[in-house]
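The structure under discussion appears below in the form of structure tokens.
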Amino acid sequence: MKLQQMVANLPALPPLNNNNGLPSSNTDASLPNSSIVNLDRGDTVLLESYWRKMSEECTVEIKGWEFLSYASDLKSVCWFMMPELRDALKRLHALVGNAETSDRHIVVGNGSTQLFQAALFALSSSSSSSDDPINVVAAAPYYSGYPDETDLVRSSLHKWSGDAKEYDKNEAYIEIVTSPNNPDGSLRGPVVSSKCGVEGKLIHDLAYYWPLYTPITHKADHDLMLFTLSKCTGHSGSRIGWAIVKDIDIAKKMTTFIVLNSIGVSKESQTRAAKIMEVVCDSYQRYRFDGSSKESELFFEYSRGILKERWQKLREVVKQSDGFIVPKFQTAYCNFTNQSFETYPAFAWLMCKREEDCGSYLEKKLKVVARSGKRFGSDPRYARINMLTTGDDFDEFLERLSNIEDI
Ligand SMILES: Cc1ncc(COP(=O)(O)O)c(C=O)c1O
């Protein structure tokens with residue numbers, strides 16, 4: 001794949017055919033009917049309305065003399081991680097109950113994108129099996145960033161080897177398990193280990209394992225888990241991700257990768273992320289213990305409420321149209337909310353029943369830009385729709401979908 005094509009494929013970049021490369025507006029101004037609706041990106045602006053309400057509480061002030069040093073905590077494996085951030089994310093995981101953090105090493109990164117590459121470096125450079133690059137696989141449909149991130153620098157340590165369901169080589173591999181999955185929202189476990197008798201390593205990408213998207217059914221406790229502020233609270237622009245790692249040597253190698261790549265992570269971003277997480281935790285604490293927070297001030301309930309409503313509206317339109325299918329999800333009991341609910345994924349994996357190429361069809365027919373199933377190692381009859389887009393874009397998309405007559 002050419003470099004230019006790889007760069008165009010990166011998740012946060014607007015497609016070149018849209019608005020001269022500028023992101024589509026995220027203001028509330030009404031959409032002219034002829035405009036392109038861009039639902040390709042994974043932006044999380046749906047969550048902006050919550051953070052607008054909490055604007056005062058989340059404000060951080062940073063003085064000119066602060067944060068001059070690269071270092072934060074020289075006693076920690078990840079010495080550029082601020083103790084405030086470590087404490088805040090441990091508190092958040094303890095509140096939600098979605099991941100084990102005690103006696104684990106935490107590595108902060110510039111988004112989980114950087115941590116994914118750090119994990120590939122750490123796991124593949126620790127693999128003793130052969131001098132050949134280790135195979136990296138994920139079950140299709142898989143997050144479209146993985147193949148390009150794995151192969152961008154044509155490393156001699158690792159190479160993209162496609163769909164984990166098809167993997168039958170007698171060679172070492174790394175399998176990425178994304179649950180809930182981007183793009184289709186499915187809840188997943190590893191698939192390769194059940195078939196091959198060779199050494200396999202796992203990266204669990206749990207970006208969407210938060211009660212805004214899915215019931216929290218267990219405390220995840222895998223060897224290497226990735227999380228990101230982008231999907232947890234919606235602050236993609238702060239570029240904060242973290243890895244929870246059992247093995248100290250892997251955590252050290254991941255730290256080395258980040259040091260050589262960016263000498264750490266912005267302390268301004270770390271400070272802001274810690275503040276955002278504290279605000280989430282404080283509101284639950286106040287609600288549960290002294291009743292001084294209202295339910296509408298609880299981040300996960302508020303956000304899930306909006307996402308649930310969007311899913312209900314989409315299902316209604318899909319039911320009426322007869323031309324499309326969206327996946328159904330099981331209801332499960334959530335240990336965090338003590339309620340049962342369905343998964344409400346960040347993306348809708350839309351299938352066009354009678355079109356060979358759903359992405360092109362949506363673009364030509366509706367001027368809606370969605371990411372084609374092909375980009376996820378899957379069937380082009382599918383396209384991925386961002387459910388976390390602005391209210392205007394989402395409503396306009398539904399309007400256009402419900403007006404299609406000839407599919
Ligand atoms: C499954 C998954 N992992 C990782 C990422 C990248 O996240 P970040 O913004 O932390 O780099 C995304 C972004 O869409 C994602 O969907």
Side-chain angles (χ1 to χ4, degrees), residues 1 3-15 23 40-45 78 80-81 85 89 106-125 136-138 141-155 157-160 174-183 202-210 224-245 250-251 253-266 268-270 272-273 276 346-347 371 375-377 384 386 388:
M1 187 186 279
L3 181 63
Q4 223 178 358
Q5 198 182 345
M6 278 184 170
V7 171
N9 281 347
L10 287 172
L13 293 180
D40 174 87
R41 294 193 301 275
D43 261 355
T44 46
V45 287
C78 184
F80 48 79
M81 178 168 195
L85 178 61
L89 63 88
I106 301 180
V107 181
V108 66
N110 289 288
S112 73
T113 298
Q114 189 185 40
L115 287 162
F116 171 68
Q117 293 166 62
L120 289 186
F121 166 73
L123 295 176
S124 54
S125 58
V136 180
V137 295
Y142 42 72
Y143 169 48
S144 49
Y146 298 144
D148 296 349
E149 289 166 30
T150 304
D151 283 348
L152 181 69
V153 296
R154 298 189 193 146
S155 165
L157 291 173
H158 46 72
K159 65 165 191 268
W160 178 250
I174 297 171
E175 180 178 355
I176 312 149
V177 180
T178 311
S179 187
N181 189 40
N182 174 2
L202 299 175
I203 296 174
H204 276 84
D205 186 340
L206 303 184
Y208 301 95
Y209 191 43
W210 293 101
L224 200 168
M225 303 186 280
L226 301 181
F227 288 94
T228 166
L229 196 71
S230 307
K231 310 301 171 180
C232 164
T233 65
H235 294 84
S236 321
S238 293
R239 307 308 303 127
I240 291 288
W242 60 100
I244 305 175
V245 185
I250 298 294
K253 283 190 173 171
M254 289 180 71
T255 302
T256 301
F257 180 95
I258 293 170
V259 169
L260 294 179
N261 200 251
S262 56
I263 326 186
V265 175
S266 151
E268 284 82 352
S269 284
Q270 293 193 52
R272 180 170 191 231
I276 298 282
F347 302 101
R371 198 170 291 185
R375 294 270 311 280
F376 304 91
R384 190 193 76 170
N386 181 12
L388 304 181

Close side-chain approach of [X] and [Y], heavy atoms under 4.5 Å:
{"X": "Pro180", "Y": "Tyr209", "answer": "yes"}
{"X": "Phe257", "Y": "Gln114", "answer": "yes"}
{"X": "Pro147", "Y": "Tyr142", "answer": "yes"}
{"X": "Thr150", "Y": "Phe116", "answer": "yes"}

Roughly how far apart are [X] [atom1] and [Y] [atom2], rounded to 0.5 Å?
{"X": "Arg239", "Y": "Ser266", "atom1": "CZ", "atom2": "OG", "value": "11.5 Å"}
{"X": "Phe80", "Y": "Ile258", "atom1": "CZ", "atom2": "CD1", "value": "4.5 Å"}
{"X": "Tyr146", "Y": "Ile203", "atom1": "OH", "atom2": "CD1", "value": "8.5 Å"}
{"X": "Ile176", "Y": "Leu224", "atom1": "CD1", "atom2": "CG", "value": "11.5 Å"}
{"X": "Lys159", "Y": "Ile174", "atom1": "NZ", "atom2": "CD1", "value": "11.5 Å"}
{"X": "Leu120", "Y": "Ser125", "atom1": "CG", "atom2": "OG", "value": "10.0 Å"}

Identify the heavy atoms of [X] and [Y] that sit nearest to each other, and give their distance.
{"X": "Thr44", "Y": "Gly234", "value": "OG1-O, 2.7 Å"}
{"X": "Gly42", "Y": "Lys231", "value": "O-NZ, 2.9 Å"}
{"X": "Met254", "Y": "Leu115", "value": "CE-O, 3.6 Å"}
{"X": "Phe376", "Y": "Arg384", "value": "CZ-CD, 3.4 Å"}
{"X": "Val107", "Y": "Ala251", "value": "CG2-O, 3.9 Å"}
{"X": "Ser236", "Y": "Ser230", "value": "CA-OG, 3.4 Å"}

**Message:** Parallel, tilted or perpendicular: which one describes the rings of Trp242 and Phe227, with boundaries at 30° and 60°?
**Reply:** parallel
For the pair [X] (side chain) and [Y] (backbone), establish whether a donor and an acceptor sit closer than 3.5 Å, ignoring hydrogens and angles.
{"X": "Asp43", "Y": "Val45", "result": "no"}
{"X": "Asn182", "Y": "Phe347", "result": "no"}
{"X": "Ser179", "Y": "Asn181", "result": "no"}

**Request:** Please say which of Thr233, Ile276, Leu89, Leu229 ends up in a side-chain contact (heavy atoms from CB on, under 4.5 Å) with Ile240.
**Result:** Leu229
**Prompt:** So which of Val177, Leu202, Leu206 actually passes side-chain contact (heavy atoms from CB on, under 4.5 Å) with Met225?
**Reply:** Leu206
**Prompt:** Yes or no on side chain to side chain contact (heavy atoms under 4.5 Å, CB included) for Trp160 and Asp148, after CA distance, side-chain angles and deciding distance?
**Reply:** CA-CA 8 Å; Trp160 178 250; Asp148 296 349; over 6 Å; no
**Request:** Applying side chain to side chain contact (heavy atoms under 4.5 Å, CB included), run through His158 and Leu123 and close with a yes or a no.
**Result:** CA-CA 9 Å; His158 46 72; Leu123 295 176; over 6 Å; no
**Request:** In sequence, state the C-alpha distance, the side-chain angles, and the governing distance for Val265 and Met81, and then conclude on side chain to side chain contact (heavy atoms under 4.5 Å, CB included).
**Result:** CA-CA 7 Å; Val265 175; Met81 178 168 195; over 6 Å; no
